[in-house]
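One structure is given below, encoded as structure tokens.
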Amino acid sequence: MSQPIEKGTEAKNIPAPLAPAELERMRHSAAHLMAAAVQQLWPTARFGVGPAVKNGFYYDLDLPVQLTQADLGKIEQKMRELKNKKLPYERIELPVDEAIAEMERRGQTYKVELLNLLKEKGSTAVAKETGDEDVIGSNESGGVAQVSFYKTGEFLDLCRGPHVESSNQIAVFKLMNIAGAYWRGNEKNPQLQRLYGAVFSTKEELDHYLWQLEEARKRDHRKLGQELDIFTFSDDVGQGLPLWMPNGTVIREELEKLAKEEERRDGYVRVSTPHITKDKLYYRSGHLPYYREDMYAPIEIEGEEYFLKPMNCPHHHQLYLARLRSYRDLPLRMAEYGQVYRYEQSGALSGLMRTRGFNQNDAHLYCRYDQAKDEFLKVMRLHARYYDMMGIKEYYMRFSKPDLSKLDKYVNEPEKWLAAMEIIKQAMDESGYPYVEAEGEAAFYGPKIDFMIKSVIGTEYAISTNQLDFVASERFELSYKGEDGKDHPVYVIHRAPLGSHERFVAFLIEHYAGVFPTWLAPVQAVIIPISDRHKEYAHQVYERLFSSEVPTATGGIRVLLDEARESMQKKIRNAQVKKIPYMLIVGDKEAEDGVVSVRLRSGVDLKAMPVEELIDRIRAEVKTRQDIVVS
RNA sequence: GCCGACGUAGCUUAGUUGGUAGAGCAGCCGAUUCGUAAUCGGCAGGUCAUCGGUUCGAAUCCGAUCGUCGGCUCCA
């Protein structure tokens, strides 16, 4: 049975879960070491917070200068100097008022602010704030009287600790990058310079981490997406609005075919809805007041306002309402790969990972209350089927709960929240999949789970979201006639296991490093005639492959014939660069024997093979969506 | 949206302290007809993101706009 493994965490800043406590202590101490170095270089520096994070630490700084890459080297050098002095990390406890006076004397206004919070509230935590490690433990609701500091050389920092004893215990570090960050995570506050550093206990680990970063760069879907002609953007079309090239469109179609097959098996029906809708619908759904700023401005037609749809749910609800529903109709599962538009902040956009227009693997399940747990569980199992198929070995669920003290942000119905959360919890426990819990992350209308998945190089992504919605049934009067002849409300489950095409394809590109399994490969086979005299035979081979019965989304094997006047070696190279699964060499020997010589992109030579055998092989890979592994 | 960096042919990029652009790959043409990751030669392609300013002169300096990237914030 699974247990929550972490609470209230944000994916990006999770302290490395497997790191021993000493490593985290070392990272935190490295943050102080860096701050000490910065203080020596810029004595007027003011300090924000500087916690340990995954792979290292950061420190938020208010400096008189804008740091450049060159400054990182300078700071790093100073850090080494200080490290080698074997500075002790000295713990000092002070009454809070004395602490405030001391920090005021040093001009550390941010620390003073934190101390005042500690004095008044006993905590510096702000809602959803992460990485604030300078909190002194206090379970009382009131303020704290005593706070602790750590002194490293001349640098004195408000800090709970713990720390290493001496600076030379900080093993290997490297300053990574500079970024902007708002003080206390609030965009109304001043922006500080955040310096990230990596810290590991051995050089090998640091090197491995740097290698991982390098590998991630190589796999970046924006780079591969361009090299493999999967998608593009156009300034003239607009920010965040991807254009899918033919290769990318193939991948979308294969994913959509997969979704249709799996959803059919799970009893879904398919629907289609329009891209624009009157404002009225979104007032009714309750989205407009919450999300108006995140929607494209309305189009006015004949005195009415039409919005580009930011989600499909209200439309599906209209379909639900189009006729009277009986308990016999439930669960009703409506699926649609729905195109939606959201006006995301420009700075949030990132390749296909974050776009303003995207196509969701959406569905809404309408069910009786007593069916909700099983339906939710079934959705979880569907996720797992997809992940197994794609070789995604590591995944867990993030259970997003509301912050019930903030009912302006969430629908104010505490009992319903609790009931819905209980259903999800039961389903999670029954599923056996691991999960974490996150407070204050729920949708405004209900709790949700996100599946967090890890690509083969360990990059973590939140791809899909599943929500249990108890609000829609009231807002839209979604009900059914029960056996008792009375109307009953339904639960609505929102789910999108494959997320959006945009984000999922971005994930797959990085996960596979562009080496797509045969069923997803935009081009599955290329025929390479050795010289002009083999073209006729090559055409025969092409015809047989092209017209073979293979159940791809595009209606047959995706095969090309490379007739360019290039050397065979060059054509092989071109196919390798494009990561095409099968290279079929045809020359004199093949033409004579009526076979093809098969080279895999792995470099493996399968030698000569009858064309029919090759077709059977590709058919098997497409049908099972698993590549046949050759060692 | 905010802070910072960046923006040279389809792609990757060179271009000293300002003196109106060079290359590789891709493309096209020609020769080569090749046995498992690049045959050779030629041609063409850039209003240096856009607009404005400073200057005798701007890819180089300044400003605005658009876009990209690293973060922050956000993510129904």
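Not measured: the values here are computed from a predicted model. So you know, we letter chains A, B, ... as the sequences are listed, proteins then strands, and number each from 1.
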Measure from the side chain of A:Arg354, starting at C-beta and using heavy atoms only, and say which of B:C74, B:G35, B:C72 lies closest. B:C74
Test of understanding: with salt bridge (charged side-chain N to carboxylate O under 4.0 Å, His left out), list the residues that count as partners of A:Asp229, not counting sequence neighbours. A:Lys578
Any pair with a residue in residues 560-571 of chain A that passes side chain to side chain donor-acceptor pair (under 3.5 Å), sequence neighbours left out, goes on the list, sorted by first then second residue, please. none
Applying a 4.0 Å non-hydrogen cut-off, can you work out what A:Gln239 is touching in the nucleic acid: base, sugar-phosphate, or nothing? sugar-phosphate
Pairing partner (Watson-Crick or G-U wobble, both distances under 3.5 angstrom) of B:C34: none
Could you write nucleotides 37-49 of chain B as a row of B, S and -, 5' to 3', where a protein heavy atom under 4.0 Å of any base atom gives B, of only sugar-phosphate atoms gives S, and otherwise -? BBB----------
Classify A:Arg342 by what it touches in the nucleic acid, base, sugar-phosphate, or nothing, heavy-atom distance under 4.0 Å. base
Pick the C1' atom in B:G52 and in B:U16, then give their distance to the nearest Å. 28 Å
By the Watson-Crick or G-U definition, both distances under 3.5 Å, B:C6 is matched with B:G67
Using a 4.5 Å cut-off on heavy atoms from C-beta on, say whether the side chain of A:Leu478 contacts that of A:His317. yes
Which whole number of Å gives the distance between the C1' atom of B:A21 and that of B:U33? 39 Å
Hey, is the main chain of A:Gly347 close enough, under 3.5 Å, to the side chain of A:Arg354 for a donor-acceptor pair? no
Sub-3.5 Å pairs of nitrogen or oxygen atoms, protein against nucleotides 6-14 of chain B:
| unit_1 | atom_1 | unit_2 | atom_2 | d |
| --- | --- | --- | --- | --- |
| B:C11 | O3' | A:Gln226 | NE2 | 2.9 |

What is the pairing partner of B:G22, taking Watson-Crick or G-U wobble pairs with both distances under 3.5 Å in any strand? B:U13
B:G41 -> Watson-Crick or G-U wobble partner, both distances under 3.5 Å, gives B:C29
Could you work out, with ring-ring contact (aromatic ring centres under 6.0 Å, His included) as the rule, every residue matching A:Tyr110, not counting sequence neighbours? A:Trp183
When you compare the side chain of A:Leu241 with that of A:Thr355, does any pair of heavy atoms fall below 4.5 Å? no
Apply ring pair (Phe, Tyr, Trp, His ring centres under 6.0 Å) to residues A:His287 and A:Phe307 and explain how you reach the verdict. CA-CA 12 Å; A:His287 284 99; A:Phe307 283 91; over 10 Å; no
Expressed in whole Å, how much space separates the P atoms belonging to B:G1 and B:U20? 38 Å
Please give the distance between the P atoms of B:G30 and B:C11 as a whole number of Å. 27 Å
Just to be sure I understand the rule, does A:Ser597 reach a base, reach only the sugar-phosphate, or reach nothing, if contact means heavy atoms closer than 4.0 Å? base
Considering every strand and a 4.0 Å limit on heavy-atom distances, what is the contact class for A:Ala443: base, sugar-phosphate, or nothing? sugar-phosphate
Heavy atoms from C-beta onward define the side chain here; which of B:C74, B:A76, B:U36 lies closest to that of A:Gln345? B:C74
Taking distance alone, no hydrogens or angles, what donor-acceptor pairs closer than 3.5 Å link side-chain atoms of residues 528-538 of chain A to residues at least two apart or in another chain?
| unit_1 | atom_1 | unit_2 | atom_2 | d |
| --- | --- | --- | --- | --- |
| A:Ser531 | OG | A:Arg533 | NH1 | 3.3 |
| A:Ser531 | OG | A:His534 | ND1 | 3.3 |
| A:Arg533 | NE | A:Asp588 | OD1 | 3.1 |
| A:Arg533 | NH2 | A:Asp588 | OD2 | 2.9 |
| A:His534 | ND1 | A:Ser531 | N | 2.9 |
| A:His534 | ND1 | A:Ser531 | O | 3.4 |
| A:His534 | NE2 | A:Asp588 | N | 3.1 |
| A:His534 | NE2 | A:Asp588 | OD1 | 2.7 |
| A:Tyr537 | OH | A:Val595 | N | 2.8 |
| A:Tyr537 | OH | A:Val595 | O | 2.7 |

With rounding to whole Å, what would you report as the distance between B:A58 and B:G19 at their C1' atoms? 10 Å
A:Trp244 vs A:Phe231 aromatic rings, parallel, tilted or perpendicular, using cut-offs 30° and 60°? tilted
Using a 4.0 Å heavy-atom cut-off across all strands, classify A:Lys448 as base, sugar-phosphate, or nothing. sugar-phosphate
What contact category does A:Met311 fall into here, base, sugar-phosphate, or nothing, at under 4.0 angstrom with non-hydrogen atoms? base
Numerically ordered, the residues 489-496 of chain A set in heavy-atom contact under 4.0 Å with RNA chain B is none
Let's see if you can work this out: which of B:U73, B:U36, B:G70 has an atom nearest to the side-chain heavy atoms of A:Met568? B:U36
Once you measure the plane-to-plane angle for A:Phe507 and A:Phe504, does it fall in the parallel (<30°), tilted (30-60°) or perpendicular (>60°) bin? tilted
Considering every strand and a 4.0 Å limit on heavy-atom distances, what is the contact class for A:Phe233: base, sugar-phosphate, or nothing? nothing
Could you give the distance separating B:G24 and B:A14 at their P atoms, to the nearest angstrom? 15 Å
Looking only at B:G70, B:G1, B:A76, the nucleotide nearest the A:Arg356 side chain is B:G1
Strictly by salt bridge (charged side-chain N to carboxylate O under 4.0 Å, His left out), give each pair with a member in residues 279-293 of chain A just once, sequence neighbours left out. A:Arg292-A:Glu305
Out of B:A76, B:C34, B:G71, which nucleotide sits closest to the side chain of A:Ile530? B:C34
Counting any heavy atom closer than 4.0 Å, what does A:Arg222 reach on the DNA or RNA strands: base, sugar-phosphate only, or nothing? sugar-phosphate
Result for 5'-nearest mapping on RNA chain B, choosing between A:Val598 and A:Cys313, is A:Val598
Contacts of type ring-ring contact (aromatic ring centres under 6.0 Å, His included), residue A:Tyr341, not counting sequence neighbours: none
Integer angstrom distance from the P of B:C28 to that of B:C34: 23 Å
Has the side chain of A:Tyr182 got a donor or acceptor that lies under 3.5 Å from a partner of the other kind on the base of B:C2? yes
Kindly write out the residues that satisfy salt bridge (charged side-chain N to carboxylate O under 4.0 Å, His left out) with A:Arg356, not counting sequence neighbours, or none if the list is empty. none
Hey, which sits more toward the 5' end of RNA chain B by its nearest nucleotide, A:Tyr341 or A:Asp532? A:Asp532
Would you please test A:Val436 and A:Met452 for side-chain contact (heavy atoms from CB on, under 4.5 Å) and show each step? CA-CA 10 Å; A:Val436 301; A:Met452 310 298 292; 6.0 Å; no
Check ring-ring contact (aromatic ring centres under 6.0 Å, His included) between A:Tyr209 and all other residues, then give those that pass, not counting sequence neighbours. A:Phe200
Under 3.5 Å donor-acceptor, A:Lys111 side chain and A:Gly48 backbone: yes
Check every strand shown and say whether A:Gly446 touches a base, only sugar-phosphate, or nothing at a heavy-atom separation below 4.0 Å. nothing
Side chains of A:Lys309 and A:Thr273: is there a donor and an acceptor less than 3.5 Å apart? yes
Which residues in residues 588-595 of chain A have a heavy atom closer than 4.0 Å to any atom of RNA chain B? A:Asp588, A:Lys589, A:Glu590
Please give the distance between the C1' atoms of B:G67 and B:U8 as a whole number of Å. 15 Å
Would you tell me if any nitrogen or oxygen in the side chain of A:Tyr196 comes within less than 4.0 Å of OP1 or OP2 on B:C72? yes
Pair assignment for B:U54, Watson-Crick or G-U wobble, requiring both distances under 3.5 Å: none
